[in-house]
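What's counted below: heavy atoms across the whole structure, side chains too, no hydrogens, waters or symmetry copies. Note that the coordinates shown come from a computational prediction; the quantities given were computed from them, not determined experimentally. Residue numbering restarts at 1 for every chain, and letters A, B, ... go by the order of the sequence lines.
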There are 2 protein chains.
Amino acid sequence: MTRPYSIGDLARACDAKVQTIRHYEAIGLMPPAARTEGGQRRYSQAHLKRLKFIRHARELGFGLAQIRALLELADAPEQPCARADAIAREQLAEVESRIRRLEALRAELARMLRECRGGRVADCRVIEILADHELCRFHHAAEDERKEKERAAPPPVKARRRGRGRARVEGL
Amino acid sequence: MTRPYSIGDLARACDAKVQTIRHYEAIGLMPPAARTEGGQRRYSQAHLKRLKFIRHARELGFGLAQIRALLELADAPEQPCARADAIAREQLAEVESRIRRLEALRAELARMLRECRGGRVADCRVIEILADHELCRFHHAAEDERKEKERAAPPPVKARRRGRGRARVEGL
DNA sequence: ATGGCAGCTACAACGATTGGAGGTTCAAGC
DNA sequence: GCTTGAACCTCCAATCGTTGTAGCTGCCAT
Ligand SMILES: [Zn+2]
Ligand SMILES: [Zn+2]
Ligand SMILES: [Zn+2]
Ligand SMILES: [Zn+2]
């Protein structure tokens, strides 16, 4: 029979801003709270638990859409948990992919800085490499996608000649 | 004496969407292009070079504000390059920090999935851990900050007793 | 009853990009 | 020279999750 929580109580307990909690209600992630006569929100233990779940999942990097799905599952405890695990696996894959990209980025940034001997901007290795990808060893994802696409389905000649004769300008 | 480029030419050459180029102009990152009588943009080699620089830096994870600073430096080649290197170092630090966070995330997600034996949602390790950070080994950044802050400057009693007697409710 | 923190709604901003609607221009091909 | 249609134009809105602000009103202790 604990007393109901104010929105500020929830915010403190779950490490969320008050605004954020109202936002979750607005988008239907948190169920509407009861209200005092004056219109202020009063939350139950169940609300508290739900918000803790949401905030914890957020800190672990899940998106609100994923969290919505996870909450629905958590409300149906007799269901098989395959879908929950799938969402977590998807998130893990996403995290791993970001790590790979960031590690490549780190390598290239470190190389720039290692190679720069200081001096004038005109000789700065950082600026040079940024200005010219040919000097760069970073494996840009966009590049792969483009090459992939062109190998899979080479664009029709018509598409290549877009720009009314100005496409494929010399020097590009 | 190459012919001027259309916005679409630039987009193809620099792997950017047409919209994005117009956006860069709107926020002053790209200088305004010349216009035909009909109002269409016509770009020079210099524009092309600048956009390539921007897009390359974007792919390496720099923010537009950082890129703005780097472009100013690139336009002043006699300046010392210390500031450019500092921006790159800052970016490297940011990337490294993100990698550390993502690696901790990856470990916790992998642990959830490893420990889940399948079955009902009621027994799902993924749901359990999301619902209760006590079961979690992830080193949440927010936690550290909070503890840090409280050690450095414990909030006044008045602040702790916010909520008009309802803060610090039992069970929190 | 008065002070003052906490709450309320509604809207805008962040960062960077993308999508769409609704209309105009350009150059290729005839 | 005319037609055709892709490419261009501007303006506005959405994405994602959160935060800030303005201008109020409510709640509770003193
Ligand atoms: Zn340098
Ligand atoms: Zn590159
Ligand atoms: Zn499971
Ligand atoms: Zn945790």
Under the side-chain contact (heavy atoms from CB on, under 4.5 Å) criterion, do A:R50 and A:L71 qualify, and how do the steps go? CA-CA 8 Å; A:R50 197 173 173 95; A:L71 281 167; 3.7 Å; yes
Applying side chain to side chain donor-acceptor pair (under 3.5 Å) to B:R55 and B:Y24, what does each step give before you reach the verdict? CA-CA 11 Å; B:R55 293 307 293 172; B:Y24 289 161; 2.7 Å; yes
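B:E108 contributes a side-chain N or O that, together with a main-chain N or O of B:R137, makes up a donor-acceptor pair within less than 3.5 Å.
Regarding A:D15, its CG atom lies at a distance of 13 Å from the C1' atom of D:dT18, rounded to whole Å. A:L60 has its CG atom 15 Å from the P atom of D:dG17, to the nearest Å. Counting to the nearest Å, the P atom of D:dG20 and the CZ atom of A:R22 are 13 Å from each other. In this structure, CD of A:Q66 is placed 12 Å from P of D:dC16, rounded to the nearest angstrom. B:F62 has its CZ atom 13 Å from the P atom of C:dA16, to the nearest Å. Taking atom NE2 of B:H23 as the reference point, atom P of C:dT18 lies 10 Å away to the nearest angstrom. Between A:Y43 atom OH and C:dC8 atom C1' the separation is 12 Å, expressed in whole Å. For the pair B:L64 CG and C:dC14 P, the computed distance is 13 Å after rounding to whole Å.
An OP1 or OP2 oxygen of C:dT18 is reached within less than 4.0 angstrom by a side-chain nitrogen or oxygen of B:T20. Between D:dC27 and A:R42, no contact under 4.0 Å exists linking OP1 or OP2 to a side-chain N or O. In this model, the phosphate group of D:dG17 is not approached by any side-chain N or O of A:Y24 to a distance below 4.0 Å at OP1 or OP2. Residue B:R55 has no polar side-chain atom (N or O) positioned under 4.0 Å from OP1 or OP2 of C:dA16. Phosphate proximity of D:dC8 to B:R41: absent, as no side-chain N or O sits under 4.0 Å from OP1 or OP2. One finds a side-chain N or O of B:S6 lying less than 4.0 angstrom from the OP1 or OP2 phosphate oxygen of D:dC8.
When each of B:A65 and B:G38 is assigned the nucleotide of DNA chain C with its nearest heavy atom, B:A65 is the one assigned upstream, toward the 5' end.
Closest approach to the A:Q40 side chain among D:dT18, C:dT17, C:dC8 is made by C:dC8 (side chain taken as heavy atoms from C-beta onward). In the set D:dC8, C:dC26, C:dT9, C:dC26 carries the atom at the smallest distance from any side-chain atom of B:T36. Distances from the side chain of B:K17 to the nucleotides C:dG19, C:dA16, D:dC27 place C:dG19 closest.
Among the heavy atoms of the strands, none lies under 4.0 Å from B:I27. Looking at heavy-atom distances under 4.0 Å, B:R68 makes no contact with the nucleic acid at all. Within 4.0 Å (heavy atoms only), A:R58 reaches sugar-phosphate atoms of the nucleic acid but no base atom.
Side-chain atoms of A:Q19 and base atoms of D:dG20 include a donor and an acceptor less than 3.5 Å apart.
Nearest heavy-atom pair across B:E59 and A:L105 is O-CD2, 4.0 Å.
With salt bridges taken as basic N to acidic carboxylate O contacts below 4.0 Å, none links B:R22 and B:E25.
B:F138 is not listed as a side-chain neighbour of B:I129, based on a closest heavy-atom distance of 4.5 Å or more.
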